[in-house]
Amino acid sequence: MNNTLSPNTITRIQTYLTQQRQEMLALLEKLVLVESPSLRPESQAGIQSILQAALKTLDYEVERIPGQTSGGQLYAAPQHLPADRPQQLLIGHCDTVWPVGTLKEMPLIMEENIVRGPGVYDMKAGLVQMIYALKAIQMLQLKTAVTPLIFINSDEEIGSIESTPHIRRLAKMVNRAFILEPALGPTGKLKTARKGVGQYEIVVHGRAAHAGLDPEKGVSAILEMAHIIQTLFALNEPETGVSVNVGIIEGGLQPNVIAPQSRAVVDVRVPTHEDAARIEQAILTLPSVLPDVTLTINGRINRPPLERTPANQALWQTAQSLGQRFGLTLDEGLAGGGSDGNTTSLYTATLDGLGAVGDGAHARHEFIYIDKWLERCTLLALLLLSPPAEQ
Amino acid sequence: MSDRVTYEGFQAYLERHLPSYLDLLRQMVTINSYTANRKGVNALGKMTADLFVELGFTAETIPSAHPQYGEHVVLTRTGRRKDGRAAPKIGLVSHLDTVFPPDEEIANDFKWRRKGNKIYGPGTSDIKGGTVIIYMMMAALQTMMPDVFDAVTWVVLLDAAEEAEAEDFGQLCIQRLAGNALACLVFEGGKMKRDTFWAVVVRKGMVVYEVEVEGKASHAGSAHERGANAIVQMADVIRHIDEFTNYERDLTFNVGTVTGGTVSNRVPHYAAASVEMRAFLPTVYEDGIARMMALNKLSSVGTANGDYGCQVTVEIRRQTQPWPQNEATEKLFSVWQAAAKALGFKVLREERGGLSDGNYFWHQVPTIDGLGIAGGNAHCSERSPDGSKDQEYCLASAFVPKTMLNIAAVLKLVRE
């Protein structure tokens, strides 16, 4: 076991990647300078072309899966796909939360050990890691026992609605999945658990009336919503980690009209499948309080929780021991946000948070540490070279 | 000439000219005068001024305080008494604007349309029909009783922005009428059923509040406990406000609009609501304000560890005092009662929830309201096939009796 991973091999990988530092930074720069917000599907073609070209140099065949509402996805597999070998899936996303034009106020900045810029941490640096881990294996003529497949979507930040069916199909085929999302926190914990995420929209229909002339004829959709918000707030369980956040509210026409309609959007986070079912049931069956109002409730838990299953834990332990072999101490953590790892975990061993170490996902100060990024790239290469998990 | 003969003469005169008055109404309704349609409001003002100038009135225009609104119109006919004493002054108040934007009129096919006794169209009952009644009163008095007409100073005041609750017009009325006017008559629509009429003698006061909640933003997934949810705090504020409503005291609150948050995966740091309060009695009105302002101290939602509590801010955005029951209005009402009796009609008091320009000057000039045309569905431009919604209309048959009652009352007023 691990016969290909002699100390010498590990050193060769580290050396190779250290030599590639400038090239990796150049690719990262190219990726960051092509702005790619999920909500602008047409903005994805640019970054997808760069990734496609990079994957071709690895002798990968790249398929561009067109999107309907998203910018589409990339799927890549080795040109000569060995038929009899297990496979492993690398997942990343090329979309960001940053609108086109963000670079003007939040430019790409390279410092001695830090790269700043929109999407650098979440998760364009992870895409570069993916490519260079494979490149190290290719250039050093190392052999993987498990064939790496690559899937890069462009709708992760908006819930992976279009890409999830593809992810499911691939996850069912493979021996394990590695998710290149950023690591957790400044210490760079790997994400071995993620909460499930759901979103619900609640619309209250009341009855309009003139607030001055005949207030008693109306039923306020805003007052009903106030009751509902309080009921939803009571579903929060800080001790178990269940959170229910009413994030958006709007309703009413003008001060002198009793509001005929109101709307709220709710974000739900659940650590376990049981919590998911329980909270979903509570929201979908919310009772109304005022007479003659009707509620329309839509939504679901669209990312199931990523739980610490035995298979996921085994993969995490592999990563931890591989890290130890080159002096990298790793820790595991629970992430509040969901990712495509939540989906793959339903079907295969999954390890998430293998991307860059830094901070500021979705925030102005988004950045990565270059030295830690190179370490994580080595870790990924070693994971790709590790023997298949026992099924 | 006995009163009976006088009234019969007025009745015959008004009925003979009714087709031309209804045509005036048609012309007025055809001009869109939505409050924000400055040009339309001014065009209607010009058209109306021209009508009264023909009766010997002098026209003035006064710009609205709000630069987007049109010009108020003041039409004055100075009276002369043969005995040389100062002529009594009577104010007649209507407004030029309506609540219907041109697009809405087109979208809902809302225009002048007569169906039997009902005349549909924007502003027919609120309030162009009322303006026509003022004109009918003046034209009939001038023709039928020129001596009385000439011995009174008539001041017709037309608000360019009543529907926007512009306060500057109220000040204008006080400036022109306070101190020396016998009465100010307001021609907002008023109910009429066979020979029973209603006059408005009390109106609610209104306060519009802006409520803001400052919370603390945080990521709903990774740091939910560090956020203080402004929307949840607002829900508690709304529940409190709901408890302030007391139908027995005629104190009502309405949270009319609410908004808050940016994206669902963020604990919202901000929420805002607009709240309207109505009350008839000044003491109840003041009490309602005190309760609302006390919400400034409320902070019932915060971060999990309690290091931050949401902040509630309540501010009064605009307010209109109630027009409560008062002696001067009641005295005017008794004049209308007497006039109704003389005509074989009956007039009843109405306490109305909506505001009018009367709220701004009742305390300075004796004021009575609801003297305009009878109709229905004011402020509504929609029609539904099941009849649950119909467009604003006025009743053609109500113009003459409503005018008759007002003429009879005014005659009693100037004779007293």
Side-chain angles (χ1 to χ4, degrees), chain A residues 97 184-185 194-195 197 199-201 209-216 218 220-233 236 238 241-259 262 264-269 290 299 334-338 361-363, chain B residues 165 203-204 206-210 218-225 227 229-242 245 247 250 252-268 271-278 301 304-305 317-318 352-355 378-379:
Chain A
V97 295
L184 186 67
R194 279 182 180 271
K195 289 183 187 176
V197 183
Q199 206 188 55
Y200 298 86
E201 183 197 54
H210 193 289
L213 301 178
D214 28 45
E216 69 290 345
S220 170
I222 289 178
L223 177 59
E224 175 69 22
M225 189 60 90
H227 284 280
I228 288 171
I229 290 166
Q230 293 184 325
T231 308
L232 290 168
F233 186 62
N236 280 294
V242 168
S243 73
V244 177
N245 180 56
V246 181
I248 301 172
I249 180 177
E250 59 189 8
L253 301 170
Q254 54 194 55
N256 65 355
V257 177
I258 292 175
S262 65
V265 185
V266 183
D267 177 287
V268 170
R269 310 278 163 149
L290 303 178
L334 161 77
H362 304 198
Chain B
E165 283 139 19
R203 281 185 183 269
K204 281 181 186 172
M206 179 191 77
V207 184
V208 177
Y209 304 89
E210 183 72 34
S218 189
H219 193 284
S222 51
H224 184 258
E225 71 291 346
N229 191 316
I231 289 176
V232 175
Q233 177 66 76
M234 184 61 90
D236 194 33
V237 169
I238 292 168
R239 293 287 309 278
H240 274 85
I241 293 173
D242 176 52
T245 287
Y247 284 109
D250 276 318
T252 56
F253 288 82
N254 179 49
V255 181
T257 67
V258 67
T259 169
T262 49
V263 288
S264 66
N265 65 3
R266 191 177 191 204
V267 177
S274 62
V275 181
E276 208 204 63
M277 179 195 100
R278 305 252 179 170
V301 174
N305 69 7
R317 209 162 50 176
R318 58 175 199 271
R352 198 174 282 182
L355 311 179
H379 294 202

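Counting heavy-atom pairs closer than 4.5 Å to chain B, the top-ranked of the candidates G251(A), G338(A), G336(A) is G251(A). Chain A forms the most heavy-atom pairs under 4.5 Å with one residue out of V237(B), T262(B), V301(B), and that residue is T262(B). Interface check for chain A: of the options A271(B), G261(B), A223(B), A230(B), the most heavy-atom pairs under 4.5 Å are formed by G261(B). Of the listed residues (I249(A), L213(A), L184(A), D214(A)), the greatest number of heavy-atom pairs within a distance under 4.5 Å of chain B belongs to I249(A). Contacts with chain A were tallied for D242(B), D236(B), T245(B), L355(B); D242(B) has the most, counting heavy-atom pairs under 4.5 Å.
In this structure, the side chains of R317(B) and P255(A) come closer than 4.5 Å at one or more pairs of heavy atoms. By the 4.5 Å heavy-atom criterion applied to side chains, H227(A) and I238(B) are not counted as neighbours. Contact annotation: the side chain of M234(B) never approaches that of I229(A) to less than 4.5 Å [non-hydrogen atoms, C-beta and beyond]. Within the 4.5 Å cutoff, no side-chain heavy atoms of R269(A) are placed close to those of H224(B).
With a 4.5 angstrom heavy-atom cutoff, N236(A) touches chain B only via side-chain atoms. Heavy atoms closer than 4.5 Å to chain A are found in the side chain of H219(B), but not in its backbone. Using a 4.5 Å cut-off between heavy atoms, A220(B) touches chain A through backbone and side chain atoms alike. For A335(A), no part lies under 4.5 angstrom from a heavy atom of chain B. In this structure, chain A has a heavy atom under 4.5 Å from the side chain of T252(B), while its backbone stays farther away. Of the atoms belonging to V232(B), heavy atoms from both backbone and side chain fall under 4.5 Å from chain A. In this structure, no portion of F253(B) lies under 4.5 Å from any heavy atom of chain A. Both the backbone and the side chain of N265(B) come within less than 4.5 Å of a heavy atom in chain A. Heavy-atom distances place the backbone of V244(A), and not its side chain, under 4.5 Å from chain B. Contact of P238(A) with chain B is not made at all, since no heavy-atom distance falls under 4.5 Å.
Residues A211(A) and E276(B) share a closest heavy-atom pair of CB-OE1, 3.7 Å. When all heavy atoms are compared, the tightest approach of P268(B) to N245(A) is CD-OD1, 3.6 Å. Of all heavy-atom pairs spanning V265(A) and S264(B), the tightest one is CG1-CB, 3.6 Å.
Remark: of the listed residues N254(B), V275(B), V258(B), I241(B), V258(B) is the sole one forming a side chain to side chain contact (heavy atoms under 4.5 Å, CB included) with I222(A). Of the candidates V266(A), L232(A), V246(A), V246(A) is the only one forming a side chain to side chain contact (heavy atoms under 4.5 Å, CB included) with I231(B).
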